[in-house]
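In listed order, ligands and their atoms are each counted from 1. Computed from a predicted model, the values in this text were never measured in an experiment. Residue numbers count from 1 along this sequence.
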Amino acid sequence: MSDNSFGRLFRVTTFGESHGPAIGCVIDGCPPGLEINANEIRSELRRRATGKSRHTSQRKEKDDVQLLSGVFEGRTTGTPIAMLIENTDARPRDYTDIATKFRPGHADYTYWKKYGIRDYRGGGRSSARETTMRVAAGAVARKFLKQKLGIEIQGWLAQLGPIRTDREYDAQMIDENPFFSPDASVVPALEKHMDMLRKSGDSCGARISAVARNVPAGLGEPVYGKLDADLAAAMMGINAAKGVEIGAGFDCVDQLGTEHRDEITAEGFLGNHAGGVLGGISSGQDVRVSVAFKPASSLRIPCRSIDVQGQPVEVITKGRHDPCVGIRATPIVEAMLALVLMDHVLRQRAQNGQEWNINE
Ligand code: EPS
């Protein structure tokens with residue numbers, strides 16, 4: 001596989017499989033002097049971890065990240081930052097029954113078609129376990145963005161299955177329930193929906209939204225490195241992502257130009273249908289993104305499929321799966337947003353000599 005790196009100037013390379021000895025990443029290009037320690041990264045990882053509630057995978061990983069290089073006396077040195085997490089609760093035997101069968105809707109079919117090799121243990125490289133390292137790297141980016149530019153990133157669960165979860169938005173609530181819902185009043189309905197799915201063995205989709213505040217104008221590289229294009233690629237690269245919207249997204253199809261344009265006054269913009277990006281460049285408004293996650297495909301409800309010989313088989317997936325991968329996706333979307341912004345801050349600095357636009 002030749003594309004395991006992400007970003008140009010803040011370049012993150014991840015490695016490892018769900019049931020291998022460890023997963024890890026290397027960040028190349030982090031500016032020196034940033035104060036960071038492993039505990040700050042661990043607390044971000046805890047937000048994404050499995051087993052925090054009955055509604056997610058019950059695999060119990062400590063995600064005890066080790067900082068192997070690039071940080072000395074609590075500050076980044078400018079050299080590659082290597083991080084490693086040992087996999088301590090892998091259970092490959094859960095997958096022996098499907099070692100030669102394909103789960104419909106799962107990457108194990110296309111990995112087989114592409115490579116002709118099957119690491120059936122927990123999906124191998126295609127497992128969402130890989131997102132651990134996105135969150136770890138994102139924690140470093142996030143710290144830099146906050147400290148140097150005051151950029152704040154917040155994600156939340158906007159919808160789970162049929163339940164809209166952000167009609168009432170209270171940022172304080174987001175980290176106080178296992179769903180990252182900003183509306184406490186829907187949590188009982190979410191619990192009920194997930195309990196019903198767990199009993200039936202089915203799964204559901206979700207929508208995660210995120211905003212970055214205090215983003216300076218000027219980030220984004222026309223025409224092939226647009227900020228919104230890079231955000232879309234980053235979000236679509238998350239496991240199970242099937243759709244990305246920036247600002248009004250697909251709603252813009254129904255809008256008139258007079259409604260969609262965000263009028264500008266001396267006091268600022270009067271709306272943000274653009275999601276903070278115009279012509280691929282940040283406008284100085286909040287950057288807004290929303291991601292659709294499909295219902296997970298590892299189900300214990302039997303279904304039709306084929307084996308590696310092309311013979312018809314019945315597939316049942318055992319193991320400790322997430323009935324809704326979107327429940328744990330909020331920290332991952334936040335991390336990808338941080339990584340894209342970080343990369344573009346460094347790119348802007350490289351060309352313009354500073355992170356903010358030249359008129360400021
Ligand atoms: C995953 C399947 C499950 C999850 C895993 C992601 O793996 P397993 O069957 O090995 O328990 O537990 O999630 C994590 C381990 C994690 O850290 O996110 C999948 O198929 O993507």
Side-chain angles (χ1 to χ4, degrees), residues 14-25 41-65 83-99 101-112 118-139 178-180 194 197-198 201-206 208 237-242 291 293-301 305 315-336:
T14 73
F15 60 88
E17 288 87 31
S18 180
H19 289 222
I23 49 171
C25 75
I41 298 166
R42 286 184 191 119
S43 69
E44 277 300 312
L45 288 168
R46 268 195 294 280
R47 295 176 67 229
R48 190 216 69 97
T50 50
K52 277 170 53 195
S53 78
R54 66 182 186 276
H55 307 299
T56 60
S57 163
Q58 294 303 299
R59 182 164 159 180
K60 295 277 191 302
E61 288 291 348
K62 291 194 197 75
D63 290 344
D64 190 16
V65 69
M83 294 190 260
L84 195 82
I85 295 175
E86 285 177 28
N87 292 323
T88 54
D89 189 27
R91 222 163 57 186
R93 67 178 179 279
D94 286 346
Y95 292 87
T96 43
D97 286 351
I98 58 161
K101 302 173 183 174
F102 303 114
R103 283 168 280 185
H106 197 277
D108 49 33
Y109 180 76
T110 45
Y111 270 57
W112 172 259
R118 179 89 184 269
D119 179 355
Y120 60 85
R121 307 162 308 158
R125 182 69 179 153
S126 72
S127 169
R129 179 106 187 100
E130 189 267 346
T131 61
T132 318
M133 299 323 301
R134 300 172 186 236
V135 172
F179 301 99
F180 298 95
M194 293 310 302
L197 283 176
R198 202 172 55 255
D202 220 329
S203 62
C204 75
I208 306 299
I238 302 173
N239 310 58
K242 279 292 174 194
V291 188
F293 289 92
K294 69 177 185 178
S297 48
S298 297
L299 304 173
R300 62 171 203 271
I301 300 174
S305 185
V315 174
I316 299 168
T317 311
K318 296 180 193 152
R320 302 159 291 180
H321 297 285
D322 293 276
C324 176
V325 291
I327 293 178
R328 294 196 291 125
T330 293
I332 309 168
V333 168
E334 291 175 348
M336 295 314 285

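Between the side chains of Thr56 and Arg48, no donor-acceptor pair of N or O atoms lies under 3.5 Å.
When the shell of 6.0 Å around NZ of Lys318 is examined, it contains 12 or fewer heavy atoms from other residues, nucleotides or ligands. Other residues, nucleotides and ligands contribute over 12 non-hydrogen atoms within 6.0 Å of the CZ atom of Phe15.
Ring orientation note: the planes of Phe102 and Trp112 are tilted relative to one another, at an angle of 30° to 60°.
Ligand 1 lies under 4.0 Å from heavy atoms of Ser18, His19, Arg48, Thr50, Ser57, Arg59, Tyr95, Ser127, Ala128, Arg129, Arg320, His321, Arg328.
Considering Arg129, Lys62, Glu17 in turn, Arg129 is the only one that fulfils the side chain to side chain donor-acceptor pair (under 3.5 Å) rule with Asn87.
For the atom pair Asn239 CG and Ser127 OG, the distance stands at 7.0 Å (nearest 0.5 Å).
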